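Only a predicted model underlies this, so the values are computations on that prediction, with no experimental measurement involved.
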Amino acid sequence: MAKKWYVLHTYSGYENKVKDNLRHRVESMGLEDRIFDIQIPTEEVIEIKEGGRRSIIDKKVFPGYVLVRMELDDQSWGVVRNTPGVTGFVGAQGKPSPLSREEYNKIMKRTHSDAPKKTSSNLQVGQSVKVISGPLAEFDGTIAEVQPEAGKVKVMVSIFGRETPVELSYNQVARL
C-alpha cells in the first residue's frame, strides 16, 4: 500500500494538540508502520510591532488543517478520524483524497527557512499614519494600499497642498 499525504480538518487553534494526540495514539496502538509523519505547515513572518520593532514569528499557513502521511486502511482511518480535535479528512463525499506530490511540495516550499518572509502588521487601508523616518519624516498621511508580500504601504501624503502617493516600508510609519 502507498504512503500518501492526507489533509485533516481540525478545530482552529488545536493543530498542535491534534498533532500531539495523534502521535500518542499511533504509538499506543502500534501503528507506526501505517502512520508515518504529521506536519503543521508554518512559515516565518516578520511582524511589525508598535514603534517599528520587528520580530519573526511562525504562523500557520493553513489554520485548522494538519497534514498526515499514512497508508490509508480502515484501522488507520479510524485512529486518525477519532483523534480528539479532528473534524474529518479533506476529500470528496467524505472520502479522504490524497495530496499529489506537486501539491505537497508547493505547500511545504513555503515552510523552508529560505522561503521569502512575509511581513505582517496591523496597518489597514484608510488608516491615518505619521511618517517616522526618511525624507518625509513628521508628515501625516492616509494609507491607500498595503503590500504585505513586500512589507510596504502606499501612503497619500499632503505635500505643498497636493495629495502625493509615497511608497514606504512598514517600519517608516506609525499609526496616529
Participant: Between Val86, Leu31, Leu8, which is the residue that forms a side-chain contact (heavy atoms from CB on, under 4.5 Å) with Leu22?
Facilitator: Leu8
Participant: Quick one: are Thr87 and Tyr11 in side-chain contact, heavy atoms under 4.5 Å?
Facilitator: yes
Participant: Let me confirm one number: the CZ-CD1 distance from Arg23 to Ile35, rounded to the nearest 0.5 Å.
Facilitator: 12.0 Å
Participant: Any donor-acceptor pair under 3.5 Å linking the side chain of Glu27 with the backbone of His24?
Facilitator: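 Side chain of Glu27 to backbone of His24, a donor-acceptor pair under 3.5 Å: no, none is there.
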Participant: Could you check whether Asp37 and Gln39, counting side-chain N and O atoms only, form a donor-acceptor pair closer than 3.5 Å?
Facilitator: yes
Participant: What heavy-atom pair brings Gln172 and Ser133 nearest, and what distance separates the two atoms?
Facilitator: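 Looking at all heavy atoms of both residues, the shortest contact is CG-OG, 3.3 Å.
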Participant: Is there a side-chain contact between Asn21 and Tyr14 (heavy atoms, below 4.5 Å)?
Facilitator: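 No, too far: nothing below the 4.5 Å cut-off.
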Participant: Would you compute the distance between atom CD1 of Ile38 and atom CD of Glu15 and round it to the nearest 0.5 angstrom?
Facilitator: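 Reported value, rounded in 0.5 Å steps: 13.5 Å.
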Participant: Using 0.5 Å steps for rounding, measure from the NZ atom of Lys106 to the CZ atom of Arg101.
Facilitator: 14.5 Å
Participant: Does NZ belonging to Lys4 count more than 12 external heavy atoms closer than 6.0 Å?
Facilitator: no
Participant: Take atom CD of Glu32 as the centre, draw a 6.0 Å sphere, and report whether it contains more than 12 heavy atoms from other residues, nucleotides or ligands.
Facilitator: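 Atom CD in Glu32 is crowded, with more than 12 foreign heavy atoms closer than 6.0 Å.
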Participant: For the hydrophobic clusters of this structure (ILVMFWY residues joined by side-chain heavy atoms under 4.5 Å, transitively), does one cluster hold both Met156 and Leu123?
Facilitator: no
Participant: Looking only at heavy atoms, what is the nearest atom pair of Gly78 and Arg25, with distance?
Facilitator: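 For Gly78 versus Arg25, the nearest heavy atoms are O-NH2, 4.3 Å.
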Participant: Locate the shortest heavy-atom distance separating Pro84 from Val18; write the atom from each residue and the value.
Facilitator: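 The answer is O-CG2, 3.7 Å.
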Participant: Just wondering, do Asn16 and Lys60 contact through their side chains at under 4.5 Å, heavy atoms?
Facilitator: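 In contact.
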Participant: Can you tell me if Lys154 has over 12 outside heavy atoms packed within less than 6.0 Å of its NZ?
Facilitator: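 No.
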Participant: Considering residues, nucleotides and ligands other than Phe36, do more than 12 of their heavy atoms fall under 6.0 Å from its CZ?
Facilitator: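 Enclosed: over 12 neighbouring heavy atoms sit under 6.0 Å from CZ of Phe36.
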Participant: Using 30° and 60° as the class limits, which term best fits the ring planes of Trp77 and Phe89: parallel, tilted or perpendicular?
Facilitator: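 Rings of Trp77 and Phe89: parallel, as their planes differ by under 30°.
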Participant: When rounded to the nearest 0.5 angstrom, what distance separates CZ in Phe62 from CD1 in Ile107?
Facilitator: 4.5 Å
Participant: Give a yes or no on this: more than 12 heavy atoms of other residues, nucleotides or ligands lie within 6.0 Å of atom OH of Tyr104.
Facilitator: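 Counting neighbours around OH of Tyr104, more than 12 heavy atoms of other residues, nucleotides or ligands fall under 6.0 Å, so yes.
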Participant: Give, for atom NZ of Lys19 and atom CD1 of Ile40, the distance between the pair rounded to the nearest 0.5 Å.
Facilitator: 5.0 Å
Participant: Quick check: are there more than 12 heavy atoms from other residues, nucleotides or ligands sitting under 6.0 Å from CG of Asn82?
Facilitator: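 Atom CG in Asn82 is crowded, with more than 12 foreign heavy atoms closer than 6.0 Å.
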Participant: Taking the side chain as every heavy atom from C-beta outward, state whether Pro165 and Val155 have any pair of such atoms under 4.5 Å apart.
Facilitator: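 Not in contact.
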Participant: If every non-hydrogen atom of Pro96 is compared with every non-hydrogen atom of Tyr6, which pair is closest and at what distance?
Facilitator: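 Scanning both residues, the minimum pair turns out to be CB-CD2, 3.8 Å.
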Participant: Give me the atom names and distance for the closest heavy-atom approach of Pro41 to Leu67.
Facilitator: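 It is CG-CD1, 3.8 Å.
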Participant: Spell out, as yes or no, whether a donor-acceptor pair under 3.5 Å connects the side chain of Ser76 to the backbone of Arg34.
Facilitator: no
Participant: What closest approach, in Å, do Ser97 and Gly91 show between heavy atoms, and which atom pair accounts for it?
Facilitator: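 So the minimum-distance heavy-atom pair works out to OG-CA, 3.4 Å.
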Participant: If we only count heavy atoms from C-beta on, is the Lys152 to Leu168 side-chain gap below 4.5 Å?
Facilitator: no
Participant: Roughly how far, to the nearest 0.5 Å, is the CG atom of Asp33 from the NZ atom of Lys3?
Facilitator: 10.0 Å
Participant: Can you tell if the side chain of Val131 reaches within under 4.5 Å of the side chain of Asp140, non-hydrogen atoms only?
Facilitator: no
Participant: How would you list, by chain and number, every residue that makes a side chain to side chain contact (heavy atoms under 4.5 Å, CB included) with Val90, sequence neighbours excluded?
Facilitator: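 Val90: side chain to side chain contact (heavy atoms under 4.5 Å, CB included) contacts with Val7, Tyr65.
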